[in-house]
Every structure is written in C-alpha cells, then in structure tokens.
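Please read all numbers here as calculations on a predicted model, not as lab measurements. The figures here come from the full heavy-atom set of this structure, side chains too, leaving out hydrogens, waters and symmetry mates. A, B, ... follow the sequence lines: proteins, then strands. Residue 1 opens every chain.
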Amino acid sequence: MKDIIVKNLDKNINLYVIPDKKFKTVYISYCFHRDLDDNYTYNALVPAILKRGCEGYEDQKKIGTYLEEQYGALFDVGVQKRGERQILRFTMDLVNEDFVGKDGLLAQALYFLNRIITKPVLEGSMFKSDYVNQERENLKNRILAMINDKMQYSMERCIQEMCRGEKYARYVLGSIDDLASLDPEKLFDVYKDIIKTSPLDIFIVGDVDAEKVATLVNNSLDLERSQIKLIPETMIKKIGLKRREVVERMDVSQAKLNIGFRTNVSVNQDEYFPLVLYSGILGGGPHSKLFINVREKSSLAYYAFARLEKHKGLMLIGSGIDPKNYEQTLDIIMEQVEDIKHGRISDTEFTASVNAITTSLRAAKDDQGQLVDYYLGNAVTEARYTLEDFISEIQKVKPEDVVDVSRKVKVDTVYLLSPEEGDAGR
Amino acid sequence: MKKVMENKLLKEKLIHMRLSSGLNVYVLLKPGYNRQFAIYATRYGSNDSQFTPLGQREPITVPDGIAHFLEHKLFEEEKGNVFEEYSKLGAQPNAFTNFNMTAYHFTSTGNFYECLDVLLGFVGRPYFTDENVEKEKGIIAQEIRMYEDNPYWRVYFNLLRGLYHEFPVRKDIAGTVESIYRIDKETLYECYRTFYHPSNMALFIAGDVDPEKIFDQAEKIIVKRSGKSEAREIKRIFPEEAKGVNKDRVEERLAVARPIFALGFKDEDSVRDGDRLLDKLIANDIVLDMLIGTSSDMYDELYEKGLIDSSFSSYYTGERHYGYAIMTGHTQEPENVADSIFNEIVKRRSQPWKQEHFNRIKKKKIGEFIRLFNSLNSVSIQFVSMMFRDIHLLDYLERLEAITYNEVLKEFNEIYRKENSCLSSIVPLA
C-alpha cells in the first residue's frame, strides 16, 4: 500500500494514516466494529449518549463552546451497517494548525475524542440517566423518522423483506421494542464491552506526519482493552430464491419500485470486479441501461439506478414511478437484466461503465470522508486493494466476465410502495 | 484583462479572465487534486418568470418551471444525448436549477480539456423539438411527484409561500405538473436567447489545470458559437413585494412519523448585492450561531426539554431581491418551539450575548471558510452563486475580520421579529 500507512498499535488497534498536503483540515475517525447481534439497539444508542458529554465537557454547551474555540472543529458520532456488522464511529474534522497559526489543535482533538469515548458522564456506576432517557427518545424518533424519506424507507423495507430471518434485516439504528424495554445496567455493560472487545480502526487523513500522528494517538488513547471478539462473517446466501412480490400501501404521490437481487458473489472473490461493472452497466449512471431505457426512452421515471450492497452480496434497483406504470416499468427493468445475461452489452456501455467507475474511485482520493469509507470497507473484508489497485482490477475485466457474473445474480424480492388508491400490484 | 488573485492565508490562487464575449472565466489552481471540476452557469433561475424577451418590447410571463425544464433539455442534441459524450470521456456530468441560477457541471479525472469542449459545446447549442420537449414532460412530472412526497422539501416551500405574498420565490422551482405541460419549444428558445448570453454567464474551474489553455479554448469555442454578439441588458420584471408576511402559519398533513417545523423570518432590507450583502450574510450567520447554535442557551434548553434533536439546523439566505432566516427540524410541538424562540429573541434584545461569544463564533467561521476549499465542487458552486450577487468569495475572511458586534446586533434587531415570521409545519396524517 502506497498512499496509506497502516500501523498496528498496542491493544489490537489499527491506525491508518493518509498523509496528503492538499487537505486544509485533518479528518479523524475512530471506528469500533460490532457484530449486528441481539445487542444492536444498545450498540446504536451508546455513541449518542457518549456524544452528550464527558469529564471536562459535561454537556453539549461545553462541547459546542470547545469546538467553536478550535476554529469550528466538527465532531459527530454515528453508526453504520457494513454487511452484518455495525460500525460505531466518532469523527472529528479540524482546520490544519498551519492555517490558523496555533499549535496543538490536533493533539487536543485526539485527547478530546479519547475523553468522549472513555470518560462519559456518570451517575453512580451507570450513564447519567437524563442522557439515557433523552437519547433513547431521540433514537426512537430517528427510527420512526425513516418513513419521512420515501426513497430510503422503501429501500430499507425491500431489504427487510428480502432478508427476513437474517441478521441483515435489522435496522442499523435499532428497534423500537428494544428501546421500550431498555435496561440501563445492560447498556453500560454493552458500552464497556464495546471499548474492551471491539476491533478498532483509527483513520487520520490530512497534511500530517504519520510517525508524529502515531505517537500522538498512542499517547492520547486510554482504552481499557481485553481479548478482541472476532466478528462472524456476513452470511451471503448462495441460492437463487423464488421471486417474491411485496406491495405496501401509503399515502404518497409517487410509487417506489425497488427490486432486490442476490449476487451470490462475495467481495473477496475475483468475480467481485466484474460484478461492480455489471451493476454499473445496468444502473450506475446516465450511461446505464436503466437510465437510458426506463428514463430516457420511456419517460417512466426521473431516477432509476442499480447499486451493490457489497458486504451482503445484494444488488438493489430503485425507481420512482406513476403506480399505473408498475407492470411496464418492471418489464423494462427485467428486460435489461436479461439482456446482459444474453451478452447484449455494447462497447459504449462497457467502456462508459469502466470509465465512470474509474473516475469515481480516482475522485475519492480528493475527499477525506470517501477515502475513509473505502479503506474502512477494506478493513471489514480484510481486503488489501488500494484505490489504484482496485482501478487496475476493474480495467482488466472483459465483457464476457460481466456476462458470466450476471448469470449468478438472481432476483429475489420485488417491492412496491404504492399510493392507497389505484390499480397497482397484481 | 487577466487578473491573478492570491490569498496567502488560505494558500489559494485564483485567476480571472474576461473573454471578448463578456464571459467571466475563473480558474482555481488546486495542485495535488486528482479531479477537475468545471461549472458553467447562467444567472437565470425559476424566479425569472417575467421578462422582456430579447429584441421585443412587450414583457411576457412564461410557465412556471421553465428554467428547470430548459436545463433538462439542453442535454439533448441533434445527434443524441450529451451524457453519451461525457461517458466516453469518463466524466460525471450533472446540472441544477435554483431560484436564481442554472448550472451545468462535470467532474473528471482525465480528458479534462475534451470534457470542457463538451460542456461549452452543448450549453451553447440548444436543440428543442416538439417531440423531445414532449418526452421530457413525463420525466419531470415524476421529479415533481418525488418532491411532493418529500416532507423536508414541502415544509420549506410551504414556509416560502407563507413568507411571500407575490415574489416568485414562493413557487416551486420545477413548477407544477400542470404548468410544465404548457411548455413548448418556442418559449424555451425565447428563454434561451434572453438568458444564455455569455455576458450573463460564468465559467469556474477548479483543479490541477492550465489556465491559459482554458482561456484560449473557451474564447475559441464561444466566439465560434455566438460570434461577436454584443452583451445586452436583460429586462427582468419582479412583482412588488408587500411588507410583512403573507401568512404566519402554514400546516400540511403528510405521511410522516412526527411533525417537522420550519420557522422563517423575512428580511425586508433592500440593499442586496456586493460587499454589503456579503456583510449581511456574515452577520446573519453569526446571529444564528449566537441565538441558537449548539453552544447557545436556547439550543441547550430546547434540546434538554426534548423539543428539538440533532436534526435541528438554521441558516440565512440572502439574494438580490429577498432574504430570510430559517430554523428547522423535527419536533413534537412546533408551536412550543416557536414560542420559546420568540421569547428568547425578546430577552436578547435587552440582554444581548457577551462579546466573547461573538469573538468565538468569528473564530468558528474562519475555520468553516478554510474547510470549504477542501471540496472543489462546493467552492466552485459557492463562488459562482456569490459572483452573481456581485460578491467576491475571496473577500470573505477580510469582511469577517472587519465586521463589528454592533453590525451583527443591528441585523438581529431588524430581521428577527415575531411579526415578520411564519411557522410552517408538516404533521402526521390523522
């Protein structure tokens, strides 16, 4: 690996430094890996509570004041789903010291993050109860608010229907039922377990010196660690299931037609590269079959795309349509899928997709957040491809490889979110 | 007429050139970046729905949503679709229309000058037919439907309808399904001829590129396309906007989990361009941070009471003809949030914030501005949109440094008044 420097720190912690002079800020992200197990709601709640305060910065006002003083440093927490694991993230982005002529900004930020993670505001031997209650309510509201964004909601629902019975069907922010029966003692135990046993990756991107940063991180970190828990591999279903159709009714103006596929390919197989191209040719931008045939030729939708959930071996197609055009749109989409299986990929479609993917990978090097997302993905799958390696693998793929892999991809669930009235569905 | 601007603190270098056609071209040099970003924009948006077409005397009113429709249609060419050309080169093209501008842009990581040819080419080459205009209506109708289902979009547009009596900012950028069906190719050409003259446009490029080559290339393509046509003044007509708000409450029911609110304050100041507008933008950003930013008493109080959550945000918009401040987020009780904010405003009139709070927010703003230069897309779009308001983005730090607490308080006292506000809410279906 050339652009990225990886160091194994004590206590099973990996540090990834991407030194790059062009960035005006230093982006820091601490990523704790957890299995998407029965404690997933607890996992999702912990970062939100830690964000509320720590020793020295006991409430949001003090934290806000501190961040403003540091030239508007950004600080946030979050939880992401990567395959069947949750990644708990603590992120900061601060102006490089050189621009404001103030030493120590980076060191202070690392100490601040360490305190947020290790020194929460306590009552007795548990989290401060006000914070738990407020954040429990906030998390519940965020889970419920999923319905507000119909594009995201319909895709989440499609995934839940497709993966019912699998861990992957769990919503990344947790469940309302778990929150209702929340046990504060258990919550604190889960927190301690997160700190002690989670694989931890720390990413730092900016105009920094890797050696100095490693020392700073080491000096600032004060984690009580024990034996790291291995996270089970994400289960990728290798069978083609019978196509299932789900219709959900809601008071909306536009219907959402989403289709879930099993790719039967995992990230660490060689076929993954042709699969990336396959999804690009099918629905990865304005050059793609879906854009051209669903939107441009038939005027059926404003958007129609395909994307991979690479860690789970899924491909998802999404579009927003008039409900009366359900059958027609579904037919056109499935026709495109069949066309590729039969080798109908034009030179233009193929080259355009290779180019589009190359451009987005290369462009990712100019964005700190995208860089971390990419290398975090590598950390999850233990892959070793740098962005440039990935690009060269993509460029080796031949159209026949795409056709081969397309035959492994099986339709699983057709999901329609439809207005209450009308004649959509079968 | 080349001008090089360097900012030592930012470590940025910007080169400006005005071409013979009147087009302003800017190149921001970004050594080390893999991507190049180019944006070609015209000062023409959904608000420009009434104007005197080029070479005519009588003003006309065009169907709502036509600027956005035109943006979609420019991608169509006699020999096919622009997306195809871009795809061959590996560029990622896109476009957007807002109230005041229409912009076409691409990101590339190679073949930059070829991509620039495509950009300058198709934006200068309208090709509208009855058929291709008809075809687009279905697509845009679905785009409009998509936004109808977006409660965050609805709460915002409902608020603008509450704040404004007449001004076109109260209308949806994309128009309505009904209004777009009235659009025809003749009107599209009329709008194009009036608003797409190079002198009404700007080209901004950011990346590790050669400015001289860009200036030459742009000069050649544009002269070839439009000849030496003279810049003409555009006669835009805007309705007289009455003082005060149109409505102080707007509510809509949608399929949402719990209410979403947007509280807006209308700015009636008539000075709306150049440095004075830039000062206004800075002052209002500072006001909002002091009043309700994450370190404020108000934010803390509302958050602790469970009346707002981390979805809360606030911002000020200042354009040539109008301005407003918005505070928005999820809440169980929109009225209660609004009342708390009104009370806080009244309290702060007599007990303003401490000077150190003001100084701290200024510091925060410095960092925010420096961060902007990490993103080629953001800095380019921001620059052009400011330039259309006669603001030079690189003046920002200097103006920020110079602004006084009194100027900030003056904005606070003038704009943030209950009588000038509207509360828009989206509530769950019964």
Practice problem: Please report the C-alpha distance between B:N34 and B:T109 in whole Å, then the side-chain angles of each, then the deciding distance to 0.1 Å, and finally whether the side-chain hydrogen bond (donor to acceptor under 3.5 Å, both in side chains) criterion is met. | Solution: CA-CA 6 Å; B:N34 296 287; B:T109 56; over 6 Å; no

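Counting heavy-atom pairs closer than 4.5 Å to chain A, the top residue among B:L10, B:D309, B:I366 is B:L10. In terms of heavy-atom pairs under 4.5 angstrom with chain A, the leader among B:I144, B:T294, B:V256 is B:V256. Ranked by non-hydrogen atom pairs under 4.5 Å with chain A, the options B:K11, B:E148, B:M146 are led by B:M146. Chain A forms more heavy-atom pairs under 4.5 Å with one residue of B:G138, B:G306, B:S87, B:A141 than with any other, namely B:S87. Each of B:K362, B:R258, B:E368 has some count of heavy-atom pairs under 4.5 Å with chain A, and the biggest count is that of B:R258. With chain B as the partner, the residue from A:R142, A:M151, A:H287, A:E296 showing the most heavy-atom pairs under 4.5 Å is A:E296.
Using a 4.5 Å cut-off between heavy atoms, B:N81 touches chain A through its side chain atoms alone. For A:I357, no part lies near chain B; criterion is any non-hydrogen pair under 4.5 Å. Residue contact with chain B, scored on non-hydrogen atoms closer than 4.5 Å, is absent for A:K62. Looking at A:S353, there are no atoms closer than 4.5 Å to chain B (heavy atoms on both sides), in backbone or side chain. Residue A:I292: no heavy atom, backbone or side chain, is found under 4.5 Å from chain B. Contacts of A:K150 with chain B are made by side-chain atoms alone, with heavy-atom separations under 4.5 Å and no backbone atom involved. With a 4.5 Å cut-off on non-hydrogen atoms, A:N148 touches chain B through its backbone and its side chain both. The part of B:Y152 that comes within reach of chain A is its side chain, from C-beta onward, which places non-hydrogen atoms under 4.5 angstrom from that chain. For A:A356, the part lying near chain B is the backbone, with the side chain staying farther off; criterion is any non-hydrogen pair under 4.5 Å. Using a 4.5 Å cut-off between heavy atoms, A:M146 makes no contact with chain B at all. In this structure, no portion of B:K365 lies under 4.5 Å from any heavy atom of chain A. Of the two parts of A:V252, the backbone and the side chain both hold a non-hydrogen atom closer than 4.5 Å to a non-hydrogen atom of chain B. Heavy atoms of A:D93 lying under 4.5 Å from chain B belong to its backbone as well as its side chain. If you measure heavy-atom distances from A:A73 to chain B, the contacts under 4.5 Å come from the backbone alone. Within the 4.5 angstrom heavy-atom criterion, no atom of B:S311 approaches chain A. For A:E349, no part lies under 4.5 angstrom from a heavy atom of chain B. No part of A:L67 comes within reach of chain B, as not one of its non-hydrogen atoms sits under 4.5 angstrom from that chain. Residue B:E134: no heavy atom, backbone or side chain, is found under 4.5 Å from chain A. Neither the backbone nor the side chain of A:Y66 has a heavy atom closer than 4.5 Å to any heavy atom of chain B. Neither the backbone nor the side chain of B:I426 comes within contact range of chain A; no heavy atom of the residue lies under 4.5 Å from a heavy atom of that chain. Looking at B:L429, the atoms closer than 4.5 Å to chain A (heavy atoms on both sides) all sit in the side chain, from C-beta outward. For chain A, the nearby part of B:I361 is the side chain; its heavy atoms alone come within less than 4.5 Å. Of the atoms belonging to B:F75, not a single heavy atom falls under 4.5 Å from chain A.
For the pair A:K102 and A:E97, the salt-bridge criterion is not met [side-chain N within less than 4.0 Å of a carboxylate O]. A salt bridge is absent between B:K30 and A:D366: the closest approach of a Lys/Arg side-chain nitrogen to an acidic carboxylate oxygen does not fall below 4.0 angstrom.
Looking only at atom types and distance, the side chain of A:N355 has no donor-acceptor partner in the side chain of B:Y86 under 3.5 Å away. Using a 3.5 Å distance cut-off with no hydrogens or angles, the side chains of A:T359 and B:Q92 do not pair a donor with an acceptor. A donor and an acceptor atom, one from each side chain of A:S319 and A:R295, are nowhere located under 3.5 Å apart. Residues B:N374 and A:Q368 bring a donor and an acceptor atom of their side chains to less than 3.5 Å of each other. With hydrogens and angles left out, the side-chain atoms of A:D76 and A:T91 include no donor and acceptor closer than 3.5 Å.
Residues meeting the side chain to side chain contact (heavy atoms under 4.5 Å, CB included) test with B:E304, sequence neighbours left out: A:R52, A:Y131, A:Q134, B:D300. By the salt bridge (charged side-chain N to carboxylate O under 4.0 Å, His left out) test, B:D130 is found to be paired with B:K185, residues two or more places apart in sequence or in another chain being considered.
Taking the ring axis of A:Y71 as reference, the NZ or CZ atom of B:K364 does not stay both within 45° of it and closer than 6.0 Å to the ring centre. Both tests pass for A:K22 against the ring of B:Y33: distance under 6.0 Å to the centre and angle within 45° of the axis.
The six-membered or imidazole ring of B:F37 lies near that of B:H105, with a centre-to-centre distance under 6.0 Å.
Looking only at distances, no side-chain donor or acceptor of A:N133 sits under 3.5 Å from a matching main-chain atom of A:D130. Checking side-chain atoms of B:R360 against main-chain N and O of A:E68 turns up no donor-acceptor pair under 3.5 Å.
Taking a 6.0 Å sphere around NZ of A:K140, one finds it holds 12 or fewer heavy atoms contributed by other residues, nucleotides or ligands.
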